[in-house]
Colleague: 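Quick one: the structure is below, and I'll ask about it shortly.
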Amino acid sequence: QVQLVESGGGLVQAGGSLRLSCAASESTFSTYAIAWFRQAPGKEREFVAAIGWNGTRIYFADSVKGRFTISRDNAKNTVYLQMNSLKPEDTAVYYCAADLVVIKPRQTASYDYWGRGTQVTVSS
């Protein structure tokens with residue numbers, strides 16, 4: 001069973017940047033597809049970005065396209081979410097999720113393994 005731990009969240013001013021990390025305990029991490037979701041207070045969890053096991057398939061939500069990038073370092077069992085040009089509406093708890101076979105990467109139901117999340121707050 002994969003255990004995921006997010007880090008890198010914090011408070012940043014609008015226009016700033018943060019890099020989130022998702023570290024996995026599983027040695028077979030390189031075979032998992034990984035995604036980032038976020039959830040703001042009172043809202044449903046929403047898709048942010050996803051990356052396939054070998055990094056060749058990458059998906060972004062329209063709201064973050066051009067501002068966020070996703071990458072993975074399988075040697076370190078870690079996936080990164082680089083967030084630039086942050087906006088107050090990016091404020092949320094960010095979760096990483098993993099699964100071996102992902103048909104619909106933008107859906108929460110596609111992932112069985114989840115981290116506990118890291119808070120990102122963007123001030124205006």
Side-chain angles (χ1 to χ4, degrees):
Q1 184 172 352
V2 179
Q3 292 184 336
L4 305 172
V5 179
E6 303 93 337
S7 62
L11 173 64
V12 64
Q13 288 188 334
S17 298
L18 282 174
R19 189 178 78 158
L20 305 185
S21 298
C22 173
S25 60
E26 177 62 48
S27 61
T28 59
F29 171 81
S30 63
T31 62
Y32 285 77
I34 305 294
W36 287 94
F37 290 79
R38 66 187 182 187
Q39 189 166 17
K43 295 188 177 181
E44 292 187 354
R45 194 167 296 189
E46 66 173 3
F47 171 76
V48 176
I51 186 167
W53 67 274
N54 63 358
T56 59
R57 294 188 176 185
I58 292 178
Y59 308 86
F60 292 101
D62 288 344
S63 59
V64 306
K65 202 172 292 183
R67 299 188 297 122
F68 291 11
T69 59
I70 187 170
S71 61
R72 66 189 300 159
D73 185 341
N74 286 338
K76 296 182 178 180
N77 287 356
T78 303
V79 167
Y80 304 99
L81 183 70
Q82 178 67 44
M83 306 186 297
N84 299 327
S85 301
L86 283 162
K87 304 175 181 180
E89 51 264 43
D90 294 319
T91 295
V93 177
Y94 283 69
Y95 300 89
C96 67
D99 217 315
L100 283 171
V101 179
V102 176
I103 304 301
K104 298 181 179 180
R106 292 178 170 84
Q107 296 187 1
T108 57
S110 296
Y111 303 91
D112 283 340
Y113 306 104
W114 291 81
R116 294 186 175 184
T118 185
Q119 176 70 47
V120 171
T121 303
V122 184
S123 63
S124 57

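We're numbering straight along the sequence, starting at 1.
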Colleague: Report yes or no: do Val5 and Val79 belong to one cluster of Ile/Leu/Val/Met/Phe/Trp/Tyr joined by side chain heavy-atom distances under 4.5 Å?
Modeller: no
Colleague: Out of curiosity, does Val122 fall in the hydrophobic cluster containing Leu18 (side-chain heavy atoms, cut-off under 4.5 Å, transitive links)?
Modeller: yes
Colleague: So if you build clusters from Ile, Leu, Val, Met, Phe, Trp, Tyr with side-chain heavy-atom gaps below 4.5 Å, do Leu86 and Leu11 land together?
Modeller: no
Colleague: What class does the angle between the rings of Tyr32 and Tyr113 fall in, given that below 30° is parallel, 30 to 60° is tilted and above 60° is perpendicular?
Modeller: perpendicular
Colleague: Kindly check if the number of other-residue, nucleotide or ligand heavy atoms within 6.0 Å of CH2 (Trp53) is above 12?
Modeller: no
Colleague: Give every residue pair that meets the disulfide bond (SG atoms under 2.5 Å apart) criterion with at least one member in residues 30-68, sequence neighbours excluded.
Modeller: none
Colleague: Answer with yes or no after comparing the ring centroid distance for Tyr59 and Phe47 against a 6.0 Å cut-off, counting only values under it.
Modeller: no
Colleague: Which pair of heavy atoms, one from Thr78 and one from Ser21, lies closest together, and at what distance?
Modeller: CG2-CB, 4.1 Å
Colleague: Of all heavy-atom pairs between Ala98 and Ile34, which one has the smallest distance, and what is that distance?
Modeller: CB-CD1, 3.4 Å
Colleague: Between Arg67 and Ser63, is there a donor-acceptor pair closer than 3.5 Å when you use the side chain of the first and the backbone of the second?
Modeller: yes
Colleague: Going by atom types alone, do Ser17 and Asn84 pair a side-chain donor with an acceptor below 3.5 Å?
Modeller: yes
Colleague: With a 4.0 Å cut-off on N to O distance, would you call Lys65 and Asp62 a salt bridge?
Modeller: yes
Colleague: Under the 3.5 angstrom rule, does the side chain of Thr91 hit a backbone N or O of Glu89 as a donor-acceptor pair?
Modeller: no
Colleague: Just verifying a value: how many Å separate Glu44 CD and Phe37 CZ, rounded to the nearest 0.5 Å?
Modeller: 12.0 Å
Colleague: Quick check: does any side chain N or O of Asn77 sit under 3.5 Å from a backbone N or O of Phe29, one acting as donor and the other as acceptor?
Modeller: no
Colleague: State the OG1-CG distance between Thr31 and Leu100, to the nearest 0.5 angstrom.
Modeller: 5.0 Å
Colleague: Would you confirm whether Arg116, through its side chain, and Leu4, through its main-chain N or O, come within 3.5 Å as a donor-acceptor pair?
Modeller: no
Colleague: To the nearest 0.5 Å, what is the distance between CG on Asp73 and OG on Ser30?
Modeller: 11.0 Å
Colleague: Evaluate the side-chain proximity of Pro105 to Tyr111: yes if any heavy-atom separation is below 4.5 Å, no if none is.
Modeller: yes
Colleague: Quick check: does any side chain N or O of Gln39 sit under 3.5 Å from a backbone N or O of Val93, one acting as donor and the other as acceptor?
Modeller: no
Colleague: Where is the tightest heavy-atom contact between Ala14 and Pro88, given as atom of each residue plus distance?
Modeller: CB-CD, 4.1 Å
Colleague: Can you see whether Tyr95 has Arg45 sitting over its ring - NZ or CZ less than 6.0 Å from the centre and within 45° of the normal?
Modeller: yes
Colleague: Please check if the side chain of Ser25 supplies one atom and the backbone of Gln3 the other of a donor-acceptor pair under 3.5 Å.
Modeller: yes
Colleague: Evaluate the side-chain contact (heavy atoms from CB on, under 4.5 Å) criterion for residues Arg19 and Leu81: first the C-alpha distance (whole Å), next the side-chain angles of each, then the deciding distance (0.1 Å), finally the verdict.
Modeller: CA-CA 6 Å; Arg19 189 178 78 158; Leu81 183 70; over 6 Å; no
Colleague: List the residues meeting side-chain hydrogen bond (donor to acceptor under 3.5 Å, both in side chains) with Tyr94, not counting sequence neighbours, and say none if there are none.
Modeller: Arg38
Colleague: Hey, quick one: are Trp36 and Val64 part of the same hydrophobic cluster, counting side-chain heavy atoms closer than 4.5 Å, chains of contacts allowed?
Modeller: yes
Colleague: List the atom of Val2, the atom of Ala24, and the distance in Å for their closest heavy-atom pair.
Modeller: CG1-CB, 4.1 Å
Colleague: Are Val120 and Met83 packed together at the side-chain level, in the sense that at least one heavy-atom pair is separated by less than 4.5 angstrom?
Modeller: yes
Colleague: Using the test side-chain hydrogen bond (donor to acceptor under 3.5 Å, both in side chains), find all partners of Thr28 that sit at least two apart in sequence or belong to another chain.
Modeller: Glu26
Colleague: I'd like to know if the side chain of Ser110 reaches the main chain of Lys104, judged simply by a donor and an acceptor atom lying under 3.5 Å from each other, with no hydrogens or angles considered.
Modeller: yes
Colleague: Enter the distance from Cys96:SG to Ile51:CD1 here, rounded to the nearest 0.5 Å.
Modeller: 12.5 Å
Colleague: Cluster question for you: counting only ILVMFWY and a side-chain heavy-atom cut-off of under 4.5 Å, with indirect links fine, are Ile103 and Ile58 together?
Modeller: yes
Colleague: Taking all non-hydrogen atoms of both residues into account, name the closest pair between Phe60 and Arg106 and its distance.
Modeller: O-NH2, 3.6 Å
